[in-house]
Amino acid sequence: MSNYNIKHFEEYFQIYRKSVRDPELFWEEIAEEHFVWRKRWDKVLSWDFSKPEVKWFEGAKLNITENCIDRHLRTKGDKTAILFEPNDPNSPAEHITYKKLHERVCKMSNVLRDQGVQKGDRVCIYLPMIPELAIATLACARIGAIHSVVFAGFSSTALATRINDSDCKIVITSDGSYRGNKTIDLKGIVDEALEQCNGVETTLVVNRIGSDIAMKDGRDKWLQPLLDQAIPHFEPEIMDAEDPLFILYTSGSTGKPKGMVHSTAGYMVYAAYTFKNIFNYKEQDVYWCTADIGWITGHSYIVYGPLANGATTVMFEGVPSYPDFGRFWEIVEKHKVTQLYTAPTAIRALAKENIEFVENHDLSSLRVLGTVGEPINEEAWHWYNDNVGKKKSPIVDTWWQTETGGIMISPIPFCTPTKPTYATLPFPGIQPALMDENGEEIKGNQVDGRLCIKFPWPSIARTIWGDHQRYKDTYFSAFKDMYFTGDGALRDEVGYYRITGRVDDVIIVSGHNLGTAPIEDAINEHQAVAESAIVGFPHDIKGNALYGYVILKETGESRDQDNLRKEINQIITEHIGPIAKLDKIQFVSGLPKTRSGKIMRRILRKIAGKDTDNLGDTSTLLNPEVVQEIMDNVL
Ligand code: PRX
């Protein structure tokens, strides 16, 4: 029995049991048979969640790009590795073969090395979804630099925070980006960010939209002329298994964003193994994940997982609504996409449009559908299943996190019977536990609790960049010897898991993780604002939208409230990005607080969600009268 290719449900259970009985043997066999190593490991696993410390394949030496590119050259050199579909449907798609990818990654590696980037240096990549984004990412990995990709929808302040936190010495960006029929001045955003970043010596600029931008002497360099002069060979840097591969920032409920650090070997093994099984990957497939490489989904399931399997992975630059809402389906038909991996928010947005957008296209190539990023509601699940999958393509509802590096709970298509809204069963090697508020594990089925993981898996993030204590406090302190996910979940009568949502102050809007504290901090910078509190409320398309309660310093009627709302959203856009804008802003005279001064967000959430029949216990409030006032004026 091959552990690498799970073919039926019985086999899943056998493999799962083996992965729990002897995790080291289990992962060792997978690592041994499916990857190239420059040196074998001395020890498969050492771990201690109380420190916390986790090491996989210690002593092994490798380069992940040899696994993702070089080893495929002999047998698959002419196969398309990256299939780039540009924003403009009339521009031709670009098929980048494994040979070509190798050449381009090597050239980019040489450019980076020439610019002085050494092993262990941090490189910030702030690019739209164009091939250079994947190539720059892989080039960092090839030279042993740590990439920090920042989603190109983040504002200059958010970018600067991330550049400074990990002390990046170089930024790779483009003149601008296309988004539907608009262009975005990315270089302008970088220029603004760099006013606050003294450590950045160089920016390399891709010419994407041909806009007229300012180039700062000595700092800014066009990338293409450097690539033109670079040689297409680069001996990969040999890395230790536990060397950091990348940093990726995710929002926490408080404080600045957390730079999650992922290691090399464990991440590679887990991303590749999950990709192979969860997407039922076969040699001729054309796999498409619609995420952005700026998020973990793109790292693991556009770049590393697919390429480690020698797959063809689609990179789409555009948006689902341009030139019209048929774009996704047009791409599926045009490239005969076999796996489509997207987010519930996109499904809901597309489901609202005329069904002809879907029906006008031949989707018969699709074999597996996936979703990720937030709970999928029943209606969206059925729409996806009926209209896109035509009831024959299993839906893999994949639950995981930036911190987990790879998919943790998910059906395996053609193995695990699916159930709408359920992520179903843990992947081999993953040992979930539901915990109660007293820190006890809840055993048995038909129960719900806080979702934890009891045992390390290869792609668990190793730390938060520069702040190991915060890593420990956030993930390993709530429950003894457990990784705490921050999510609530229930387990049904057969042991299937359903993720019910965050149990902390992180709100998932359109699949994006947003912490309430950074948004509140941004709002409070407005000179008219005294205090604010943000909560999520249910939204048809976004899943959750943001509702802000704002106390003004002066309550005079003279202020134009609509204007203030615009200004508040403008400040949020500047500090974080447009994704964090508030849908509703209610001005209030006070916020419900406990006697110890803590805002009772539970009450605010219920009011924003118009679910006020049972507000729960308000007797401990310092100012219960404010609750009625807020309810009377709810938007
Ligand atoms: O709350 C869970 C939700 O997204 C969170 C992780 O967000 P992020 O780190 O940005 O990674 C998103 C992509 C992996 C989780 O804590 N989430 C993710 N997938 C699902 C989900 N909630 C329910 N069902 C899912 N399939």
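Atoms within a ligand are numbered from 1 in the order they appear, just like the ligands themselves.
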Taking 4.0 angstrom as the limit, do [X] and [Y] come out as a salt bridge?
X	Y	answer
Asp285	Arg367	yes
Glu437	Arg450	yes
Lys542	Glu374	no
Lys256	Asp165	yes
Asp487	Arg502	yes
Asp505	Arg601	yes

Going by the atom numbers of ligand 1, which of them fall below 4.0 Å from some non-hydrogen atom of [X]?
X	answer
Val372	13 (C), 14 (C)
Thr297	13 (C), 14 (C)
Ile508	1 (O), 2 (C), 3 (C), 4 (O), 5 (C)
Thr398	19 (N), 20 (C), 25 (C), 26 (N)
Trp400	6 (C), 14 (C), 15 (C), 18 (C), 19 (N)

Do [X] and ligand 1 have an N or O pair less than 3.5 Å apart?
X	value
Asp487	yes
Thr485	no
Gly373	yes

Give the contacting part of [X] toward ligand 1: side chain, backbone, both or neither, where contact means a heavy-atom distance below 4.0 Å.
X	answer
Thr402	both
Ile376	neither
Arg502	side chain
Gln401	both

Would you say the side chain of Lys258 lies within less than 4.5 Å of the side chain of Arg470, judging by non-hydrogen atoms? yes
Please tell me whether Thr398 and Tyr341 have a donor and an acceptor in their side chains that are separated by less than 3.5 angstrom. yes
Nearest non-hydrogen protein atom to atom 24 (N) of ligand 1, with distance, is Glu374 O, 3.3 Å
For atom 7 (O) of ligand 1, closest protein heavy-atom neighbour: Asn513 ND2, 3.3 Å
Just to check, does Ala423 reach to within less than 4.0 Å of ligand 1 when the distance is taken from its heavy atoms?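 In this structure, Ala423 fails to qualify as a contact of ligand 1 - no heavy atom is under 4.0 Å.
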Give me the ring orientation class for Phe49 and Phe476: parallel if the planes are under 30° apart, tilted from 30 to 60°, perpendicular past 60°.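 Ring orientation, 0 to 90° scale: tilted.
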Apply the ring pair (Phe, Tyr, Trp, His ring centres under 6.0 Å) test between Tyr4 and each candidate in Tyr273, Phe26, Trp27; give the one that qualifies. Tyr273
